[in-house]
Amino acid sequence: MHPCDLIVVGAGPAGLAAAATAAEAGLQVVLLDEQPRPGGQIYRDVDRVAALRGGILGKDYAEGQALTAAIRRDGIAHLQGAVVWAIEEGIRVSYTRAGQAAQVTAPRLILATGALERPMPLPGWTLPGVMTAGAGQILLKQSGVLARRAVLVGTGPLLYLIAAQMVRAGTPPLALVETQTRADLMRANRHLGGALRGWPYLAKGLAMLAELVRARVPRHTGASDIAIDGEGRAEAVNFRSGGKARAIACDTVFLHHGVVPNTQAARSIGVPHRWDAAQHCFNPVVDAWGGTAVAGVFLAGDGAGIGGAHVADLGGRIAALKVAEELGRLSADERDRRAAPLARQRRQQFAVRPFLDAAYPPYAGALAPADATLVCRCEEVTAGDIRGYAKLGCIGPNQAKAFGRAGMGPCQGRYCGLTVTALLAEANGRTPDDTGYFRIRPPLKPVTLGELAAMEDGVSDAAE
Amino acid sequence: MASDYAVIGGGVVGLSVAYGLLRRGLRVAVLDGGDGSYRASRGNFGLVWVQSKGMNQPVYARWSQRSAAQWADHAAELAELTGRHLGLRQDGGYDLHFSDETLDQQVANYEILKAKLDGDYPYEVLGANALKREEPQIGPKVAGAILHHQDGHANPLRLLTALADAVRRLGGQVLTGKTVTGVTRDGDYQVVCSDGTTVGAGKVVLSAGLGAIELGAKLGFRAPVRPQRGQVLITEKLPKMINRPSLVARQVDEGGIQIGATNEEVGFDDRVTQPGLSGLAAQAVTAYPALAKAQLVRSWGALRVLTPDGLPIYQESRDMPGAFLVTCHSGITLSAAHARVLPDWLEKTAAAPDLEVFSEDRFAVS
Amino acid sequence: MKTASPFLELEAAPARVRVWFDGEPLHLPPGANLAAALLAAGVAVFRHTPVSGAPRGPFCLMGACFDCLVEIDGVVRQACMLEVEEGLRIARPHEAEAGRAPV
């Protein structure tokens, strides 16, 4: 059996940086990732794609190659296509790879599971042709596939990034339907001082907006009453903006109103989470190193709180330094000496966040959807159903799940959890913290009974 | 006096009793716990089951039969009242066997029980071929099954929802998110909660599952119940492939295959484990080989509420007359009896069933 | 189904292999992300939900939403987590068995 000091789950910027830093310090690392090639979502398939479409995707994307290069070294076993479905004490991680279930154990675990798009339930969001903006970017990045007639709906910098990339690729979106208002921007200006410390970030945003203006991409701001219309697939976006009802015919809709930490794995092992009112989501409770209340478990990257790729990279390094010190490979002094500049850079990177949170708040119509809107895509449960369960005494999402199946489908509540908590909190007049969240259990991702049953005859070891 | 009864515990047992009392015109308040409380009602297997129950206590076998026989009316009444359909199917269930030896032994046991029940134990033995005709997906390693015609299954979560709805529709007062800390008596009973809430009632029913371990003594009960973990699996929704339920697997009305269950003495640990999942999956795949390709989408560990002999406890407190302990681990099967028969026992009517064998006196240290 | 895809491919694939979707042959780039390749080939509806029968297609393309489920070799899997391979026989989940509609 191969000795393993540290398991890292996720090969995005945080996981890659953590694995490389830990291996440099002499740790034996097993890096588990669902994707066939490293990079996570932000640097998806960067080693193959940067040369092909680097011009469209931009310089920031190509930077990911430095991270992927750093894990091609001794001390790191990178298991691609490994889908983690259970984490238990020990620390024992069960996963499926190439149709076979296997396990790996180690004294330390860094979860770098990244972000999910904030659920954006609105009428018609389950129609074929409606995707997340992240999905639109993944199509472009990994596959060079571009929507011919797309409308971008929602708010936030990612919307501008994908729009700019579509412009560069020669097929601009038909329009941006943006939900933020002028009042949001005025409120955000209070945070401009902090944001200016993150000046390069703002400059990039302004440059992207300029690209959209030059390409004459129509922008509708302050949009409300958004609904996607279509017979069996998306055919139009209907909304109100500037006091008028509008409709834009299209084939594809990309939705986005921010990203939230992907908390499934951390919740499944009991890491406490707390509601973050500014970011409208639950964040895991972590210390400055990414350490959690669960022994031996660290979080890094967007899964520890949204900060973006650079913050994720820094967080991965910081967590790995702490693990290396705990396992006796670094002195505490050396750890602190190396972590100090990383922590300083991280603070600077975070400086822009309050401005962005205020300028691009989530779309209110999707935080509290109308009764008829589906909130649980898997089990097809509506917002009205959830409000009805509140009337039947459901003070939290687990009783509501038992009553109405929201969160019981294969996505395990990833795309309805925050909405169900918000609806129950509102209906019961309680806070999101008091309302709580789904109890997340294995399997974190579906696994076949055949794969599970085969483990009865002896579990194969990851690193064999 | 605000209520005739305060029912402590808003799971299937407590709500069934509350519903039964309400449908007789009594006033009832239910005190229920929080979203994260241990809730066997959310984790059970959903069988409405007779076979193998009360092998050593025919009164329990009869009590289960009596409840199963009333389940169709119970389900129909709840559906009419709430519009919620419970997915009840009562066309028999299997005890699957992987060897002729265990099958023969179980048949011998059933014959003894059948005699004690005056022959009212309608089962038949299906050999491998006969079983294959009934269940085309059954695997070659299954030696045979006992098909018991009084067995069936229902959607237990919809039962829970329907009861929660029905209790409210009949005017029951339900307080959720409560932690009951004590019960005092000053003429009426006062049920006291940690947040300062008090509920007054003439009588009290303690049906708090594992909560009875702490609360029982305060009402003069021994309440010797313990948790036993059962891990349960459920697959993606599949086309119809299993006709009748068994203790190994059943296909729920929504299409998923539910696979159960472990019996683990691990205290208040309700987590699922990889060995637990794998063991259950292996058994299910042996019984139904086609399940090897099915995706497991959900699993859970729930804590059964078990007495030392596995039978229910129905007990009135000697220290506090009018306070009752009602606890069992077959809350789904017994839901109909708890709603339709138990109120006679609580109210001491002429129709009251004789539940003496379920007194907790049977656990007295002599 | 295959005509007038709402998606275009930026580069012409150097090679194509044959797969089947719902019994129809499609020619897709080997090694490509299966969900993306199916979308580019004009497949919009990957599955129908077992609850209401509503049509669904890819939503997140990162393995989280389970809306791009397809059936291959009797196993229901996420198309966005698979790569195109010669000869794949892809069906909408549990629709291949004629007349065996979801419960």
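Only heavy atoms go into these numbers, but all of them, side chains included; no hydrogens, no water, no symmetry mates. Worth saying up front: this structure is predicted, and the values here are computed from it rather than measured.
- Nearest heavy-atom pair across C:Phe7 and A:Met131 is CZ-CE, 3.4 Å.
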Original post:
Stepwise, does the side-chain contact (heavy atoms from CB on, under 4.5 Å) test hold for C:Thr49 with A:Thr126?
Top reply: CA-CA 11 Å; C:Thr49 65; A:Thr126 55; over 6 Å; no

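- Interface remark: A:Leu444 contributes no atoms to any contact with chain C (heavy atom separation under 4.5 Å).
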**OP:** Begin with the C-alpha distance, continue with both residues' side-chain angles, and end with the deciding distance and a verdict on side-chain contact (heavy atoms from CB on, under 4.5 Å) for A:Ile56 and C:Leu10.
**Re:** CA-CA 11 Å; A:Ile56 292 170; C:Leu10 282 177; 3.8 Å; yes

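- Residues C:Gln78 and A:Val83 have side chains not in contact (no heavy-atom distance under 4.5 Å, counting atoms from C-beta outward).
- When all heavy atoms of A:Lys445 and C:Gly63 are compared, the pair lying nearest together is NZ-O, 3.0 Å.
- Two rings, from C:Phe59 and A:Tyr415, have their centers less than 6.0 Å apart.
- Nearest approach of C:Ala36 to A:Val145, heavy atoms of both residues: O-CG2, 4.3 Å.
- Counting only heavy atoms from C-beta outward, the side chains of A:Arg233 and C:Val45 never approach each other to under 4.5 Å.
- Put simply, of A:Gln142, A:Arg377, A:Arg414, A:Arg149, the one with the most heavy-atom pairs under 4.5 Å next to chain C is A:Arg377.
- The part of A:Arg44 that comes within reach of chain C is its side chain, from C-beta onward, which places non-hydrogen atoms under 4.5 angstrom from that chain.
- Taking each heavy atom of C:Leu69 and A:Pro410 in turn, the nearest pair found is CD1-CG, 4.5 Å.
- Contacts of A:Gln41 with chain C are made by side-chain atoms alone, with heavy-atom separations under 4.5 Å and no backbone atom involved.
- Across C:Ala37, C:Ser52, C:Ala32, C:Ala13, the residue that shares the most heavy-atom pairs under 4.5 angstrom with chain A is C:Ser52.
- Across A:Ser143, A:Gly136, A:Gly232, A:Ala147, the residue that shares the most heavy-atom pairs under 4.5 angstrom with chain C is A:Ala147.
- Interface residue A:Leu146: backbone and side-chain heavy atoms are both found under 4.5 Å from chain C.
- For A:Arg48, no part lies near chain C; criterion is any non-hydrogen pair under 4.5 Å.
- Residue A:Glu34 touches chain C through both its backbone and its side chain, counting heavy-atom pairs closer than 4.5 Å.
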